[in-house]
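Taking it in order: structure first as structure tokens, then the write-up.
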Amino acid sequence: MLQELSEQEELRRTKLAELIKLGINPYPAEEFKVNVTAHDIKENYERDKLNYKDIRFAGRLMSVRDMGKAAFAVLQDSTERMQIYIRRDDICPNEDDKVLYDIVWKKLVDLGDIIGIEGYVFTTKTGEISIHATSFKILTKALKPLPVVKTDADGNAFDEVTDPEFRYRQRYVDLIINPKVKKTFEQRTRIMNTIRTFLNDGGALEVDTPVLQSIPGGATARPFLTHHNALDIPLYLRIANELYLKRLIVGGFDWVYEFSRNFRNEGMDRTHNPEFTILEFYVAYRDYYWMMNTTETLLEKIATDLHGKTDVTVGDKTISFAAPFKRITIFDAIKENTGIDVSKMNEEELRAVCKTLHLEIDETMGKAKLIDTIFGEKCEGNYIQPTFITDYPVEMSPLTKKHRTEEGLVERFELMINGKEIANAYSELNDPIDQRERFEEQAALMERGDDEAMFIDYDFLRALEYGMPPTAGIGIGIDRLCMLMCNQPSIQDVLLFPTMRPEAKLTLNEETHS
RNA sequence: GAUUCCGUAGCUCAGCUGGUAGAGCAAUACACUUUUAAUGUAUGGGCCCUGGGUUCGAAUCCCAGCGGGAUCACCA
């Protein structure tokens, strides 16, 4: 790369050359067999001191307090930080040869380098469990200086790196220097593990279905379009996996699930990323009431596994995930929030209601969309505690079974938490003739100018004609669930590598390079 | 996509109504064999995001662009 190096970067390259001149490989190939972690030492040393007399430990050098012929330093391994104590006369027992300490340790080792040590655990005068190093080895030389974040005894961080652009583009650095960030992503994985265990224990089968689809079905959204060269056909990145999971229910699996990475070519903000993860699962012989019970049980378990309690702090609110959750129909929710009963209204009356509520509407909107608008603008944001909103109008739910008793409605619920939709579920429509008609209504909406209407998937209709058992299905937004559970206000903080515009500097260098 | 704020040393940030750059940490040198935001002394380090414009003179004012954040629109 033609990129100019900073003073510190030049210096580190010089040090690298000096190490090599001394016969030290800054990037050794052989394994360094670690036999302990920082976490293990801090947890167990006090009651099992004999076991920590002969240890091998490795980590990244985070700070050094040099005192002449001895030094304290902090190494960070994958678990946490550990203080080490290193003395010249331990490292260099030979009186005539102090090079390893005076030159290598003091001059050529930098913050950010990865080193391995041998030694024993002890407790310092001030009471900190530390490792007394008897030897050390450079395992990886770092050529870029690491931003240094200092933390005092009370845990206050100084000069913490907060620049979002730096943190998201160079997440690897963010993870090194901001332990809280690392913790969030460990929590994300724990949440997914809890879900997997819950579903597997219930008898579910985890499956993989196509990401490349010729018909982007199962949801309404603008897809990403790509092209397959060998077949010479357009392919879409999936916007949902719903129709494939239902094909598997047809195929005879009674409970399937998938953490589906979905792609939607739409706006980005702090709750939307072009690629995001939805957990979908489908269960034969169940209905949406069963699904509500299961969902609240699952969420309660996630909260308690993660926090040891059902109350979770989210911003300035406390959200209780203790089951059962409140249940209310969408019409009652609108009545509760606006005082207006829209349940018997036709399209014209609904338009009038929207006008009195000062909501922006246009001519392409049908009855369902008008109701959805009223709910979205006037109700959604008010449901902070977990609430199931149920029984939606049939027009806005083309894949949902009609309600068993209520004319014009479907057996569907959305789970609202902190004013946002977290999950969407229904008793799945399994009547192939009804499904065909619903698809055709969607096609008509598309004609009318609704660019969010669904494509018709004829293979899915064929599958339904073979017979899908009565089935309950749900999609849970994993990223948003993690935002709640980890108290993160932005989706970018629960995605390791959020989508970003490419860095101009780097692409330029790439061009000059080739 | 619209509005708005931001972009200065490796990092966190100052830099007023225009007079060609500062601090802390990090780095370098020296001292120090139980420190912990270690300490003390000294030193080096800048395409002030990019390109135009105004001006005798721009980090600073104006315009355009690039990148990021926030809010709104669309959506999950």
Side-chain angles (χ1 to χ4, degrees), chain A residues 4-12 14-15 62-74 81 83-91 101 106-107 110-112 122-128 130 132 142-170 173 177 219-222 239-240 260 262-278 360 372 376 380 414-416 420-424 451-452 475-481 483 489-492 498 500-508:
Chain A
E4 276 179 41
L5 296 176
S6 69
E7 184 191 34
Q8 294 193 42
E9 288 173 304
E10 294 280 13
L11 188 68
R12 288 200 178 202
T14 306
K15 291 178 176 184
M62 301 304 286
S63 72
V64 177
R65 292 179 286 278
D66 178 16
M67 290 169 308
K69 295 180 184 63
F72 285 93
V74 174
R81 297 182 181 185
Q83 176 169 272
I84 69 167
Y85 179 59
I86 183 164
R87 269 198 317 214
R88 188 181 72 169
D89 296 340
D90 297 330
I91 299 299
Y101 189 87
K106 287 186 76 165
K107 307 279 185 196
D110 289 301
L111 297 190
F122 74 112
T123 306
T124 64
K125 261 196 333 207
T126 53
E128 180 165 348
S130 309
H132 190 130
L143 296 182
K144 278 180 109 50
L146 203 58
V148 175
V149 181
K150 298 203 172 189
T151 311
D152 70 12
D154 299 326
N156 301 311
F158 297 82
D159 300 334
E160 197 166 9
V161 177
T162 50
D163 175 15
E165 184 169 6
F166 184 103
R167 292 185 43 232
Y168 300 149
R169 286 198 195 282
Q170 303 186 52
V173 179
I177 61 182
T220 53
R222 270 159 55 199
I239 56 173
S260 176
N262 296 340
F263 304 84
R264 297 188 185 176
N265 206 341
E266 286 166 351
M268 296 167 63
D269 60 29
R270 65 181 226 281
T271 54
H272 297 84
N273 194 68
E275 56 179 300
F276 63 104
T277 303
I278 296 276
E360 273 188 42
D372 193 35
E380 186 171 290
E414 290 193 356
L415 174 59
M416 315 300 305
K420 283 258 188 293
E421 182 197 336
I422 291 297
N424 181 19
D451 57 359
E452 289 176 4
I476 300 175
I478 293 298
D479 309 299
R480 289 186 178 179
L481 180 64
M483 288 166 64
S490 168
I491 196 169
Q492 297 177 103
M500 297 201 87
R501 208 178 275 279
E503 231 172 321
K505 272 186 291 184
L506 293 184
T507 48
L508 254 172

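Keep in mind it's a predicted model, so treat the numbers as computed, not measured. Below, chains carry the letters A, B, ... as their sequence lines are ordered, and counting in each starts from 1.
- Counting non-hydrogen atoms under 4.0 angstrom, F263(A) reaches nothing in the nucleic acid.
- Relative to the side chain of R501(A), the nucleotides U33(B), A76(B), C66(B) differ in distance, and C66(B) lies closest.
- Counting heavy atoms from C-beta on, the side chains of V64(A) and L111(A) come closer than 4.5 Å.
- Pairing partner, G57(B): none, since no Watson-Crick or wobble contact has both distances short of 3.5 Å.
- Contact annotation for D154(A): no contact, since no heavy-atom pair falls under 4.0 Å across all strands.
- For the side-chain contact (heavy atoms from CB on, under 4.5 Å) criterion with F158(A), the lone passing option out of T151(A), V149(A), D152(A) is D152(A).
- Pair assignment for U35(B) gives none, since no Watson-Crick or G-U wobble pairing has each distance under 3.5 Å.
- Look at U41(B): its Watson-Crick or wobble partner, with both distances under 3.5 angstrom, is A29(B).
- Protein atom CG of D89(A) is 15 Å distant from nucleotide atom C1' of U34(B), rounded to whole Å.
- Contact annotation for R222(A): no contact, since no heavy-atom pair falls under 4.0 Å across all strands.
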Would you list the protein and nucleotides 8-12 of chain B atom pairs, both N or O, that sit under 3.5 Å from each other?
residue: G10(B); atom: N7; partner: Q8(A); partner atom: NE2; Å: 3.4

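- Across all strands shown, R88(A) has no heavy atoms under 4.0 Å from either base or sugar-phosphate atoms.
- In this model, a side-chain donor or acceptor of D66(A) finds a partner on the base of C32(B) within 3.5 Å.
- The partner of A2(B) is U71(B), by the rule that a Watson-Crick or G-U pair needs both atom distances under 3.5 Å.
- The side chain of K69(A) sits closest to U33(B) out of A37(B), U33(B), U35(B).
- Between H132(A) and Y85(A), the two ring planes are perpendicular [angle over 60°; tilted spans 30° to 60°].
- With a cut-off of 3.5 Å on both pairing distances, the Watson-Crick or G-U wobble partner of A64(B) is U50(B).
- Within 4.0 Å (heavy atoms only), G267(A) reaches at least one base atom of the nucleic acid.
- The interatomic distance linking F122(A) (CZ) with U35(B) (P) rounds to 11 Å, in whole Å.
- Checking the phosphate oxygens (OP1, OP2) of A27(B), no side-chain nitrogen or oxygen of K144(A) falls inside 4.0 Å.
- In this entry the distance linking CG of L5(A) with P of A27(B) reads 18 Å, nearest Å.
- Look at CZ on R169(A): it is 8 Å from P on G67(B), rounded to the nearest Å.
- In this structure, F158(A) counts as stacked on the base of A37(B) under the 5.5 Å centre distance and 30° plane angle limits.
- The side chain of M500(A) approaches G69(B) more closely than any other nucleotide in the set A76(B), A26(B), G69(B).
- Pairing for A9(B) is absent, judged as Watson-Crick or G-U wobble with the two contacts each under 3.5 Å.
- Look at CZ on R167(A): it is 21 Å from P on G67(B), rounded to the nearest Å.
- Counting non-hydrogen atoms under 4.0 angstrom, Q492(A) reaches the backbone sugars and phosphates but no base.
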